[in-house]
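The structure under discussion appears below in the form of structure tokens.
Throughout, a chain's letter reflects where its sequence line sits, starting with A, and its residues are numbered from 1. Being a predicted model, the structure only gives us computed values, none of them experimental.
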There are 2 protein chains.
Amino acid sequence: MKINSSINDIPKSYYQDSESINVAVDCIIWGFDIKKEKLKLLLIKRLVEPLAGEWSLVGSFVKINEDLDFSATRVLKELTGLENIFLEQLQSFGKKDRDPGARVISIVYWSLIQIGQQDEELVNAHGANWFDLNEVPNLILDHKKMVEMALLKLQQNARYRPIGFELLPKKFTLPQLLKLYQEIYQKPLDDRNFRKKLISMNLLNKLDEKDKSTSKKGAFYYEFDGKKYNELVKTGFNFSLF
Amino acid sequence: MKINSSINDIPKSYYQDSESINVAVDCIIWGFDIKKEKLKLLLIKRLVEPLAGEWSLVGSFVKINEDLDFSATRVLKELTGLENIFLEQLQSFGKKDRDPGARVISIVYWSLIQIGQQDEELVNAHGANWFDLNEVPNLILDHKKMVEMALLKLQQNARYRPIGFELLPKKFTLPQLLKLYQEIYQKPLDDRNFRKKLISMNLLNKLDEKDKSTSKKGAFYYEFDGKKYNELVKTGFNFSLF
DNA sequence: TCAAAAGTGTTGGGATTACACCCATGG
DNA sequence: CCATGGGTGTAATCCCAACACTTTTGA
């Protein structure tokens with residue numbers, strides 16, 4: 001690829017033609033409440049006008065000198081204190097009148113975190129709250145649509161990639177994992193087939209320890225083994241549920 | 001959803017914080033050369049500085065008063081003269097230094113057209129050319145990456161949605177359809193299983209007419225039946241190959 | 001001892017894969 | 001008549017879905 005031009009050679013006219021636009025990132029944050037066995041969304045009570053006091057995805061304008069992906073990372077960190085977590089781009093939303101305050105194109109990201117890991121003080125300072133998927137309040141602008149798309153994306157991705165584990169603590173039980181997937185797909189799944197499938201994939205390490213908090217018998221803890229997964233992928237393995 | 005605020009109530013300060021950015025759309029245009037049995041990409045020779053003369057996806061800045069999707073529609077129409085064709089959003093590309101001329105966030109769309117339908121004069125005026133997937137030239141900026149992602153997206157989508165037909169004329173033969181999918185997946189597919197699968201889906205109408213251009217025996221033409229497909233979807237049917 | 005959750009196997013049907021030969025016809 | 005591409009069927013295997021009872025143990 002030949003890129004001889006330096007920035008000084010470039011006539012300004014081409015870029016001057018463009019009408020620049022406010023660009024925002026908004027961030028879908030999924031969590032799994034392991035006690036209540038519910039998939040949850042982290043939403044903030046918007047503090048700034050317009051629409052102050054309404055529920056909203058957390059977001060920010062993209063700064064002129066930061067990578068787009070970094071904006072999303074920053075937004076997530078500013079709200080939760082967390083870094084190095086699962087975060088991917090979802091879709092851009094760009095109807096010209098989607099925001100009554102100005103022309104804003106929003107690029108939506110989605111992330112998966114473990115409830116409990118986030119910085120509670122930060123989260124409270126933003127007036128944020130976890131909402132059950134079935135109890136999402138009215139959201140500003142087109143944020144409802146964003147949530148709907150994010151759920152679809154989560155469902156599609158969780159089928160073919162081992163991302164469910166991002167929502168669980170390092171140690172989890174099979175009943176917890178099952179509940180998680182039932183929440184993601186919003187439907188019951190067959191207990192025995194689910195266990196069989198997961199265990200046959202050879203991605204989980206069974207620990208000696210049991211979780212006795214939910215039953216007298218107790219359920220064995222498992223860990224997802226990322227190394228094993230990477231090895232398997234090299235040999236052509238594809239994670240796939242159902 | 002409560003949106004009492006009118007645009008006049010809104011303090012400007014919130015939006016004044018934002019640093020606005022050039023936003024472009026770039027468009028992946030797939031076509032299938034039915035004679036040569038090759039999947040192709042339509043690329044333009046960039047006419048404007050910087051990087052004039054280099055190969056590029058076709059694109060444009062998003063205008064302040066047009067919907068994002070409309071920008072993509074416009075770009076496609078300006079190059080090909082075509083409207084009402086398959087066009088969906090792929091991904092945004094937003095590294096801060098991806099364009100040496102200015103901070104530009106590019107939102108990439110992908111489209112499927114039938115080679116031959118486009119307006120040749122327009123296409124030539126843009127210095128555009130069809131390139132075999134295996135003979136894509138060097139492209140400006142991060143356009144190569146965009147093409148790679150678009151191929152992945154095409155592969156993923158063609159598995160679960162009957163979009164291959166967008167690349168073929170209304171009447172096509174099963175050998176042509178097979179060749180198309182072999183090109184999309186860049187690998188040979190089993191002839192008999194492919195036919196069986198497609199025909200068993202009940203989406204194709206067999207015509208009486210034959211295409212005699214490629215063999216003495218001739219191959220029967222088929223048509224994709226969109227109505228049948230929609231009916232089937234209502235009853236829970238899912239298009240799925242392999 | 002019993003309630004409540006954890007754990008365990010088998011079977012039948014449907015789908016996918018692999019595979020090789022005959023058909024039709026124009027030149 | 002023959003070369004060329006079009007068209008066809010079957011068998012083996014794998015995967016998925018359906019389904020019910022036993023185990024453990026704290027209270």
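Both Ala219(A) and Phe242(B) lie close to DNA chain C; mapped to their nearest nucleotides by heavy-atom distance, the more 5′-ward contact belongs to Ala219(A).
Sorted by first and then second residue, the salt bridge (charged side-chain N to carboxylate O under 4.0 Å, His left out) pairs involving residues 70-84 of chain B (not counting sequence neighbours) are Glu66(B)-Arg74(B), Arg74(B)-Glu78(B), Lys77(B)-Glu83(B). Among pairs with a residue in residues 228-241 of chain A, those fulfilling side chain to side chain donor-acceptor pair (under 3.5 Å) read Asn205(A)-Lys228(A), at least two apart in sequence or across chains. Among pairs with a residue in residues 151-166 of chain B, those fulfilling salt bridge (charged side-chain N to carboxylate O under 4.0 Å, His left out) read Glu88(B)-Arg161(B), at least two apart in sequence or across chains.
Straight-line distance from the CG atom of Asp191(B) to the P atom of dC21(C): 16 Å, rounded to whole Å. One can place CZ of Phe220(B) at 10 Å from C1' of dG7(D), the figure rounded to the nearest angstrom. Here the P atom of nucleotide dC16(D) and the CZ atom of Arg159(A) are 11 Å apart, to the nearest Å. Atom pair Asp211(A):CG and dA4(C):C1' shows a separation of 14 Å (rounding to whole Å applied). The distance from atom OH of Tyr222(B) to atom P of dG6(D) is 12 Å, rounded to the nearest whole Å. Per the geometry, CG belonging to Leu178(B) stands 10 Å off P belonging to dG6(D), to the nearest Å. Between Asp190(A) atom CG and dC16(D) atom C1' the separation is 10 Å, expressed in whole Å. A straight line from CD of Gln176(A) to C1' of dA6(C) spans 12 Å, rounded to a whole angstrom.
With sequence neighbours left out, the salt bridge (charged side-chain N to carboxylate O under 4.0 Å, His left out) criterion links Lys40(A) to no other residue. Evaluation of the ring pair (Phe, Tyr, Trp, His ring centres under 6.0 Å) rule for Tyr222(B) yields no partner, not counting sequence neighbours. A search for salt bridge (charged side-chain N to carboxylate O under 4.0 Å, His left out) contacts involving Asp119(B) returns nothing, not counting sequence neighbours. Residues that satisfy the salt bridge (charged side-chain N to carboxylate O under 4.0 Å, His left out) test with Arg192(A), not counting sequence neighbours, are absent from this structure.
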Taking only N/O atoms, report every protein-nucleotides 25-27 of chain C pair under 3.5 Å with atom names and distance.
| unit_1 | atom_1 | unit_2 | atom_2 | d |
| --- | --- | --- | --- | --- |
| dG26(C) | OP1 | Lys212(B) | NZ | 3.2 |

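Residues of residues 192-202 of chain B having a heavy atom closer than 4.0 Å to DNA chain D, listed by number: Arg192(B), Arg195(B), Lys196(B).
With Asp67(B) contributing its side chain and Asp69(B) its backbone, the two residues share no donor-acceptor pair below 3.5 Å.
Ring pair Tyr181(B)/Phe194(B) is tilted by interplanar angle, where 30° to 60° counts as tilted.
Side-chain atoms of Thr214(A) lie closest to dA5(C) of the nucleotides dG6(D), dA5(C), dG7(C).
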